[in-house]
Amino acid sequence: MAYKSRTKSSQLLILKSLNIRMNLSDNEKQQYFNLEKGYEGEMIFDTFTEKLQCECLILNDLLLKMNSTIFQIDSLIITSEGIYFYEVKNYEGDYYYESDRIYKNPKFEIINPINQLSRSESLLRQLLHNLGFNLPINASVVFINPEFTLYQSPLNKPFIFPTQVNRYLNKLNKISLKLNEKHKMLADKLVELHIDDSPFQQLPPYDYEQLRKGMTCVKCDSFGVWKCRKKSFMPRLKAISRVGRRGKVLHAPVEGQFVHLNGEAVPKFILHEPSFLIDR
C-alpha cells in the first residue's frame with residue numbers, strides 16, 4: 001500500500017467537468033486528454049509498485065518546491081539502499097531517438113523526458129541536502145504503455161520499457177535490508193512539503209451561465225438519464241438520503257466543489273439541478 005496515494009489533480013477534475021458542460025477548443029480538449037492519459041499511465045504503474053515485497057515507502061504524485069522552483073515526481077520509492085523515483089510516460093505508437101531528441105513518426109518532436117527527469121533529480125537532491133538527508137538517488141523514465149516503441153534508443157539512458165517493468169521491480173524486491181526511523185522521517189517530511197495544487201495550472205475561461213447544468217452518469221457522462229448507453233443506473237452522486245418509505249433524495253456530486261468562477265469557489269451544488277425525488 002502506498003504511503004502517499006495518487007489522486008486526480010484539481011486541474012484534471014475541472015477540465016473533465018468543463019469538457020462535459022461546455023464546448024472546449026481543440027487545444028483545450030487535447031490538454032484534457034493528455035492529462036487524463038497521463039494519469040491513467042501513472043495508475044497502471046501503481047499497480048506494479050503496489051506489489052513490491054521489499055520493505056519500502058511508496059510516495060505517489062509529489063509536487064515539491066526548492067528555492068522557489070516547483071517540480072513534480074510521479075512516483076518515489078524509499079528503500080534502505082536509497083531513493084528511486086520515476087517519470088511515467090503513457091506514450092503510444094512509434095517513436096525514435098536521434099541526437100538526444102525524441103520524435104514521433106514521421107517527424108514530430110516531443111519534449112525529451114530525460115530533460116525533465118534531470119531537472120527533478122537535481123532539485124530533489126538539493127532539497128534532501130537542505131533537509132539533512134544524504135541518500136543515493138536513482139532516477140528513471142518509465143514508458144508504461146505496451147503499444148509504445150522507441151527506435152534507436154541508447155543503451156546508456158535511464159529508460160524502462162513496458163517489457164522491462166516486471167524485471168526491474170523484481171530487482172528492487174531483492175533489497176533485504178530494513179528501513180529505519182530516518183527513512184520514515186524523510187517520507188513524512190516529503191508528504192508534509194507536498195503542494196496540493198500547482199500554481200501554474202492552465203484552465204480555459206468560463207462562467208456559470210455557459211455551463212450546462214444537471215447530473216451526469218458516472219460511466220458515460222450522459223445528462224439526465226437513469227439507464228445510459230453503458231447500462232449504468234448510477235448518476236454521479238456523493239450521497240443518497242431516504243425520504244419517507246418509498247422515495248430517495250439524490251444530492252449533487254462532488255464535481256461542483258472543484259470548480260472556480262472568477263477565482264472564487266463555486267458552492268458545492270451550484271453546477272447541478274436541485275436535489276430531486278425519485279419514487280420507487
Side-chain angles (χ1 to χ4, degrees), residues 1-13 16 34-66 70-91 113 116-117 119-121 123-125 127-128 131 133 135-146 158-162 164-198 201 218 238 254 257-258:
M1 182 177 180
Y3 198 75
K4 179 187 176 300
S5 59
R6 187 183 310 280
T7 58
K8 287 188 177 183
S9 67
S10 60
Q11 181 183 18
L12 177 53
L13 289 169
K16 178 178 176 62
N34 288 343
L35 287 174
E36 186 70 53
K37 188 167 186 177
Y39 177 78
E40 290 172 356
E42 292 162 4
M43 291 295 290
I44 293 172
F45 185 61
D46 293 347
T47 64
F48 286 93
T49 59
E50 67 187 14
K51 297 175 185 176
L52 282 170
Q53 299 299 310
C54 63
E55 190 164 313
C56 61
L57 297 170
I58 303 172
L59 284 70
N60 293 320
D61 195 25
L62 285 170
L63 192 63
L64 303 168
K65 180 187 287 188
M66 176 62 202
I70 292 177
F71 64 103
Q72 181 178 357
I73 295 176
D74 292 336
S75 293
L76 182 145
I77 301 176
I78 300 174
T79 74
S80 58
E81 293 186 357
I83 294 175
Y84 298 81
F85 86 85
Y86 308 93
E87 177 69 24
V88 181
K89 295 301 181 184
N90 195 16
Y91 298 155
Q116 184 177 353
L117 187 76
R119 173 181 177 273
S120 296
E121 182 180 2
L123 291 168
L124 178 62
R125 184 173 287 106
L127 178 61
L128 294 180
L131 294 175
F133 293 92
L135 294 172
I137 297 176
N138 300 275
S140 303
V141 177
V142 179
F143 297 104
I144 198 65
N145 196 312
F159 292 151
I160 302 174
F161 295 103
Q164 299 174 314
V165 174
N166 276 322
R167 290 198 304 273
Y168 173 86
L169 294 178
N170 283 337
K171 291 181 180 179
L172 290 188
N173 272 331
K174 295 179 181 179
I175 297 175
S176 58
L177 295 178
K178 304 292 185 181
L179 297 177
N180 56 39
E181 189 61 29
K182 192 171 184 179
H183 296 109
K184 174 71 161 47
M185 289 172 57
L186 172 58
D188 288 338
K189 190 61 180 179
L190 291 177
V191 172
E192 177 187 338
L193 293 174
H194 169 69
I195 303 169
D196 288 330
D197 294 314
S198 171
Q201 64 182 13
V218 72
K238 180 63 176 178
V254 296
Q257 66 184 316
F258 295 105

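- Contact between N145 and Y91 at its shortest, heavy atoms only, is CB-O, 3.0 Å.
- To the nearest 0.5 Å, atoms NZ (K189) and CG (L64) are separated by 11.5 Å.
- Within the 4.5 Å cutoff, no side-chain heavy atoms of I175 are placed close to those of E55.
- Using a 4.5 Å heavy-atom cutoff, the side chains of F85 and L124 are in contact.
- Between H194 and L63, the shortest heavy-atom distance links the atoms ND1-N, 3.0 Å.
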task = Kindly indicate, with the supporting measurements, whether the criterion side-chain contact (heavy atoms from CB on, under 4.5 Å) is fulfilled by V88 and F143.
result = CA-CA 6 Å; V88 181; F143 297 104; over 6 Å; no
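- The shortest non-hydrogen separation linking E81 to P136 is O-CG, 3.7 Å.
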- Could you walk me through whether S75 and D46 pass the side-chain contact (heavy atoms from CB on, under 4.5 Å) test, one step at a time? CA-CA 8 Å; S75 293; D46 293 347; 3.9 Å; yes
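- Between L179 and L57 there is a side-chain heavy-atom pair separated by less than 4.5 Å.
- To the nearest 0.5 Å, atom CG of residue L76 and atom CD1 of residue I58 are 10.0 Å apart.
- At least one donor-acceptor pair closer than 3.5 Å links the side chain of N173 to the backbone N or O of C54.
- Across Q201 and S10, no two heavy atoms sit closer than the pair OE1-OG, 3.3 Å.
- In this structure, the side chains of E87 and Q72 stay at 4.5 Å or more apart for every pair of heavy atoms.
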L186 and L128: CA distance, side-chain angles, deciding distance, side-chain contact (heavy atoms from CB on, under 4.5 Å) verdict
CA-CA 9 Å; L186 172 58; L128 294 180; 3.5 Å; yes
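- Considering every non-hydrogen atom in both N60 and A2, the closest pair reads ND2-CB, 3.6 Å.
- Contact check for F71 versus L127: side-chain heavy atoms found under the 4.5 Å cut-off.
- The line from CD1 of I44 to CG of N90 is 5.5 Å long, rounded to the nearest 0.5 Å.
- D188 and Y3 are linked by a side-chain donor-acceptor pair at a separation below 3.5 angstrom, with hydrogens and angles left out of the test.
- A donor-acceptor contact closer than 3.5 angstrom links the side chains of Y86 and Y168.
- With a 4.5 Å cut-off on side-chain heavy atoms, L52 and L169 count as touching.
- For the pair D74 (side chain) and D61 (backbone), a donor-acceptor distance under 3.5 Å is absent.
- Residues V141 and K89 are in side-chain contact: their nearest non-hydrogen atoms beyond the backbone lie under 4.5 Å apart.
- Taking CD from Q164 and NZ from K171, the interatomic distance works out to 8.5 Å, rounded to the nearest 0.5 Å.
- A distance of 11.0 Å separates OG1 of T49 from CD of E42, quoted to the nearest 0.5 Å.
- Pairing each heavy atom of I70 with each of R119, the nearest pair is O-NH2, 2.9 Å.
- The line from CG of N170 to CD of Q53 is 10.0 Å long, rounded to the nearest 0.5 Å.
- Side-chain contact between I83 and N138: absent, with no pair of heavy atoms (C-beta onward) separated by less than 4.5 Å.
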